[in-house]
Amino acid sequence: MVAMKGEGKSGKSVVVTVSDDALEKIDSVAKKLAAKGLKVTQVMPLTGVITGSISGKGFGELESIPGVASVEDDLKVQI
Amino acid sequence: MARSRKKQALKVISSNAPPGDAGPPQSGDGEVTGRFVVIFKDDAMKSESESRRFLANTAGLSNVVVASDADDSAVSSDELASSDAVVFGNLGIAVISAEEAAVQSLALSASDADSPILVIEPEYRAYALNENAGLSPDYLRGFRDAVGHLYDQQRGSNGTAEMLEPLATFTDTPQLTWGLQATRTHTSRFGGKGIRLAVLDTGFDLRHPDFKGRPIVSRSFIAGEKVQDGNSHGTHCAGTACGPKTPATGVRRYGVAHSASLFVGKVLSNQGSGSTGGIVAGIEWALRKKCHIVSMSLGANINQKVQQYEVPIRRALARGTLIVAAAGNNANRAAGNFGFVGPPANADAAFAVGATDPAGGLPNFTARSSVVTGVGGKVNIAAPGVRVFSSVPQIHNVHGFMNGTSMATPHVAGIAALWAEATGETGARLWARLDQSAKPLAAPGVDVGAGLVQAPQ
């Protein structure tokens, strides 16, 4: 897992990847993530990635949702 | 026990082949030891003692060593020499040192369909290919290269011969950047026509005079910032990937895929930073636009794998979109620090690009393959990344020089577009094409991968 980043006002940004077998129902995975407290920003069906923000304590619960392959802190990149 | 055995004197029969087809075992060029290896069928022998009984009953072998009798299951060559056979229960094999008559008995048994023996083969002598065994890999490689060189000389200057010539030092001319010359882009018949290439970076100067009249599809994924490049990096990278064949401003040619369709995704802010959310959104957008190639001159300086790039980039490649990514500039070679390939270039499915200088050497900053992040940690290929001339926004003087694996990456993306046009290949096949056609460099493979990227002619 990527080193934790500071938490902003709206929680920290996370990147969720969806497993291959759940790709076609990514919208329902996103709904389940939202029900566990993820404020969903984007649902991307081709890459199978969902982004959003969440308060620190809800982070671990997201990984147990069926169809979720990984949950990581959004990584900062640069040129 | 005295032994006299003739090499290949024995007719060995495999039970899974008709007797008529079962000729003597072929030793090829291998050196045989004189012993034979009996391979039992899977699960034919329940225990080593069962194997021992079988060898005694079938071939009259009394002096059979069982591997588990020996210390730590390792059998010394002394034991092999002094026994009739050694049974390796875990492997389901026995090595037979007995007289030829005994081996003949086993061979006869093997011809029976009910026999527990799968096959009997001569034992070959094996050599470790390490430095201590005489013929080291380096020696063999040198030998191979020398023979290859002689072969190429015999063939004349066509074919692969010129690949072995030392790389010349290139310089910019009034017509061409050194990078286009070194990659043989300037003599390519192709311009990337019909190929869609996305550059995900700090945006683009949409009013740049060299791109006047060129259709560009663009979108910003940075909140509160337009596509218009307030940095320079994005305009420079897009210029290298897709700049015109004859720049309207009269400067030398600097762009590779002059006829490709350019897609610009702004995923880095004008300050030059971004986050996965925006970058994956850019990849998703490129996939939706059916881009064949995505160029990403960006990265994070962590020597670890992250799923947030691993997964989407794998899916992109599976859909036929090749993602070309900068290996990174985190080395300081002069200080003995070779750096590492970080995300997103360390994703297994990302084509990671290192930088070379005009002499085919390594600039101080170019990152080396990582040995801790698996397959994806490799530098796959190299391209010009020093003193690279390209477009920059008009407010920053229209053109300029930059250094970095960021500059090498769009060379590869652009040349990938030329290959895609030339061959019709995309995705993993395009990857293989770039790899296969790269020009070997004297620099280590951990730094330059397959070598210097080359354009199709």
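Numbers restart at 1 for each chain; the letters A, B, ... are given by sequence-line order, proteins then strands.
Applying the 6.0 Å contact sphere to NZ of A:K32 captures more than 12 heavy atoms from other residues, nucleotides or ligands. The number of heavy-atom neighbours closer than 6.0 Å to CD of B:Q394, taken from other residues, nucleotides and ligands shown, is above 12.
Residue B:I313 does not touch chain A at all, counting heavy-atom pairs closer than 4.5 Å. For A:T47, the parts lying near chain B are the backbone and the side chain together; criterion is any non-hydrogen pair under 4.5 Å. With a 4.5 angstrom heavy-atom cutoff, A:S13 does not touch chain B via any of its atoms. Looking at B:D201, the atoms closer than 4.5 Å to chain A (heavy atoms on both sides) all sit in the side chain, from C-beta outward. Of the atoms belonging to B:A316, not a single heavy atom falls under 4.5 Å from chain A. For chain B, no part of A:I50 is nearby; none of its heavy atoms comes within less than 4.5 Å. Of the atoms belonging to B:T202, it is side-chain heavy atoms, and not backbone ones, that fall under 4.5 Å from chain A.
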- Task: Decide yes or no on side-chain contact (heavy atoms from CB on, under 4.5 Å) for B:R315 and A:L23, but give the supporting numbers first.
- Result: CA-CA 11 Å; B:R315 288 182 179 143; A:L23 261 186; 3.7 Å; yes
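Rounding to the nearest 0.5 angstrom, the gap separating the CD1 atom in B:I279 from the NZ atom in A:K76 is 9.5 Å. Here CG of B:N329 is found 9.5 Å from CD1 of A:I79. Values are rounded to the nearest 0.5 Å.
Side-chain contact between A:V77 and B:L268: present, with at least one pair of heavy atoms (C-beta onward) separated by less than 4.5 Å. Residues B:R314 and A:D20 have side chains in contact (heavy-atom distance under 4.5 Å, counting atoms from C-beta outward). By the 4.5 Å heavy-atom criterion applied to side chains, B:S275 and A:L75 are not counted as neighbours. Using a 4.5 Å heavy-atom cutoff, the side chains of A:L46 and B:R319 are in contact. The shortest distance between side-chain heavy atoms of A:Q78 and B:L298 does not fall below 4.5 Å.
In terms of heavy-atom proximity, A:D73 sits nearest to B:Q308 at O-NE2, 3.0 Å. Closest approach of B:T276 and A:D74 over heavy atoms only: N-OD1, 2.8 Å. Counting all heavy atoms, side chain and backbone alike, B:E284 lies closest to A:G48 at OE1-N, 4.4 Å. For the pair B:G277 and A:V15, the tightest heavy-atom approach, listed with the atom from each and the gap, is N-CG2, 4.5 Å.
Highest contact tally toward chain A, considering only B:P343, B:G299, B:A318, is held by B:G299 [criterion: heavy-atom pairs under 4.5 Å]. Counting heavy-atom pairs closer than 4.5 Å to chain A, the top residue among B:G234, B:A300, B:S406, B:A326 is B:A300. Top candidate by heavy-atom pairs under 4.5 Å with chain B, chosen from A:T51, A:V49, A:T41, is A:V49.
No side-chain donor-acceptor contact under 3.5 Å links A:E72 and B:Q307.
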